[in-house]
There are 2 protein chains.
Amino acid sequence: MSNSQIVKDPIREEILNGARELFERFGFKKTTMEDIARQIGKSKSALYYYYKTKEEIFEAVILNDIEASQAKVADAVKKESSALSKFRVLFTSLLEDVKYKANKFSIFKTDLYENHFLFENIVKKRDSYIEELIKDILILGISQQEVKMMNNAEMSLWAKMMNITLKGTANKIFLEDEFNLTNSQLVFIADTYFNGVRS
Amino acid sequence: MSNSQIVKDPIREEILNGARELFERFGFKKTTMEDIARQIGKSKSALYYYYKTKEEIFEAVILNDIEASQAKVADAVKKESSALSKFRVLFTSLLEDVKYKANKFSIFKTDLYENHFLFENIVKKRDSYIEELIKDILILGISQQEVKMMNNAEMSLWAKMMNITLKGTANKIFLEDEFNLTNSQLVFIADTYFNGVRS
DNA sequence: TTTCGACCAATTTGGTTTATTGGTCAAAGG
DNA sequence: CCTTTGACCAATAAACCAAATTGGTCGAAA
């Protein structure tokens with residue numbers, strides 16, 4: 001992705017690493033630009049040479065993290081050959097990742113509620129990425145005669161719906177500590193979405 | 001349901017009607033107990049003879065409304081005979097209802113963000129109701145050999161997942177004005193969840 | 001049984017002052 | 001030319017406080 005340009009520059013990388021550590025500990029609001037600058041031993045103004053706004057830094061931090069996750073997921077999906085197992089792996093690894101991040105990034109729950117505008121771009125990018133991934137699985141499945149014929153609009157719609165499902169589930173996992181799904185449950189869910197409940 | 005006791009008393013009904021009008025216009029926070037009392041020509045203290053807290057009134061107002069919707073949905077579902085068409089009707093009528101309410105209750109978007117604790121009980125009740133409805137459809141489908149064999153845990157899990165999907169979709173419709181689904185799209189979605197995408 | 005006004009504690013509001021913060025800029029270093 | 005900086009500003013947030021509201025209680029009246 002063209003976004004990997006963001007970390008081409010070692011100083012940008014330094015900024016993002018420093019920022020990430022602070023964001024993870026204190027959240028978006030309580031992390032000031034001076035905090036970030038101090039963290040890497042530079043002055044506040046220096047940050048503005050590399051990033052236009054605080055939001056841009058935050059977005060870059062999160063986006064970096066998301067892209068790493070997505071690369072892992074895409075890799076795992078690529079390893080599978082059938083559409084079903086690709087879909088299964090997509091489903092499980094995506095939600096496994098969320099489970100992990102629910103612990104690590106619990107501080108962002110607050111930001112998620114209070115500053116959800118911060119995540120607008122991030123969410124939009126992530127959505128379209130996931131939906132493309134799902135659509136690709138469908139296309140492959142059709143070409144392998146594993147998936148029934150669908151037109152483009154239908155594929156997009158199904159991908160969007162699956163993404164909503166994924167996000168709804170992720171949300172529940174992320175925000176409600178009680179909600180936990182075992183791996184075999186995730187597999188069951190993915191399979192049932194793929195195969196339906198019809199006898 | 002035992003909740004219909006809530007409106008057994010004509011004065012309670014009067015309170016709820018007055019309260020509903022104000023809540024719909026001003027939301028939860030900006031509607032005071034005195035406003036509600038004035039609306040029905042009684043004193044504030046009188047309200048406390050019937051309801052313990054302001055939250056309880058709000059909950060009763062919303063619950064009344066939800067129960068009416070649910071009765072309609074349940075009726076529509078009952079009219080269908082196959083599990084697939086039941087599921088289809090459940091899906092479409094539930095989301096049709098949300099589309100309608102997104103206009104009528106747009107004031108609650110604020111409350112939804114700022115006072116989501118208010119909806120905790122409501123959501124819990126609604127969830128279990130919908131999940132039971134879905135599970136019943138599965139059970140019937142299995143008995144009609146229309147749906148593949150599943151054990152109880154699997155049925156519950158699928159019902160829960162479908163509810164998450166439904167809620168995710170409803171949320172998108174309710175909070176994002178752009179997101180609109182035609183009836184034929186809803187039918188496609190429901191059918192595809194039921195039948196899967198397998199060829 | 002039902003209604004009410006007086007009452008209270010807690011929260012909210014409105015307004016002011018002070019401190020912090022995001023962001024700009026011209027100048028200086030390398 | 002690229003990078004860094006401190007001084008600076010406008011805007012927001014925090015701290016504070018007094019006054020007004022508001023949710024909820026209670027004894028008494030109807």
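Chain A is the first sequence line, chain B the second, and so forth, proteins listed ahead of strands; every chain is numbered from 1.
- Going from atom CD1 of Ile36(A) over to atom C1' of dG22(C) covers 11 Å, rounded to whole Å.
- Between Tyr49(B) and the phosphate of dT3(C), there is no side-chain N or O to OP1/OP2 separation shorter than 4.0 Å.
- Residue contacts for Ser45(A): at a heavy-atom cut-off of 4.0 Å it reaches a base atom on one of the strands shown.
- The listed nucleotides are dG22(C), dT4(D), dC4(C); the one nearest the side chain of Lys44(A) is dG22(C).
- For the OP1/OP2 pair of dT4(D) and a distance below 4.0 Å, the side-chain nitrogens and oxygens of Tyr50(A) include at least one atom meeting the criterion.
- Distance Ile11(B) CD1 to dT2(C) P: 7 Å, rounded to the nearest Å.
- Atom P of nucleotide dT2(C) and atom OH of Tyr51(B) are separated by 13 Å, given to the nearest angstrom.
- Between the CZ atom of Phe26(A) and the P atom of dT21(C) there is a distance of 13 Å, given to the nearest Å.
- Here dG23(C) presents its P atom at 10 Å from CD of Glu56(A), a figure rounded to the nearest Å.
- In the set dT22(D), dC4(C), dG23(C), dC4(C) carries the atom at the smallest distance from any side-chain atom of Ala46(B).
- Note that Lys54(B) lies in the cation-pi zone of Phe28(B), set by a 6.0 Å cut-off to the ring centre and a 45° limit from the axis.
- Along DNA chain C, the nucleotide nearest Lys52(A) and the nucleotide nearest Lys30(A) are compared for position; the residue whose nucleotide lies closer to the 5' end is Lys30(A).
- A ring-centre distance under 6.0 Å is found for Phe87(A) and Trp158(A).
- Judged by distance alone, the side chain of Asp35(B) and the main-chain N or O of Thr32(B) form a donor-acceptor pair under 3.5 Å.
- A straight line from CG of Asn115(B) to P of dT11(C) spans 15 Å, rounded to a whole angstrom.
- With salt bridges taken as basic N to acidic carboxylate O contacts below 4.0 Å, none links Asp65(A) and Lys104(A).
- Between the CZ atom of Phe58(A) and the C1' atom of dG23(C) there is a distance of 19 Å, given to the nearest Å.
- Protein atom NZ of Lys42(B) is 20 Å distant from nucleotide atom P of dA29(D), rounded to whole Å.
- Of the listed nucleotides (dG23(D), dG23(C), dC4(C)), dG23(C) has the atom at the smallest distance from the side chain of Glu55(A).
- Remark: the Ser69(B) side chain and the Tyr100(B) side chain contain no N/O donor-acceptor pair separated by less than 3.5 Å.
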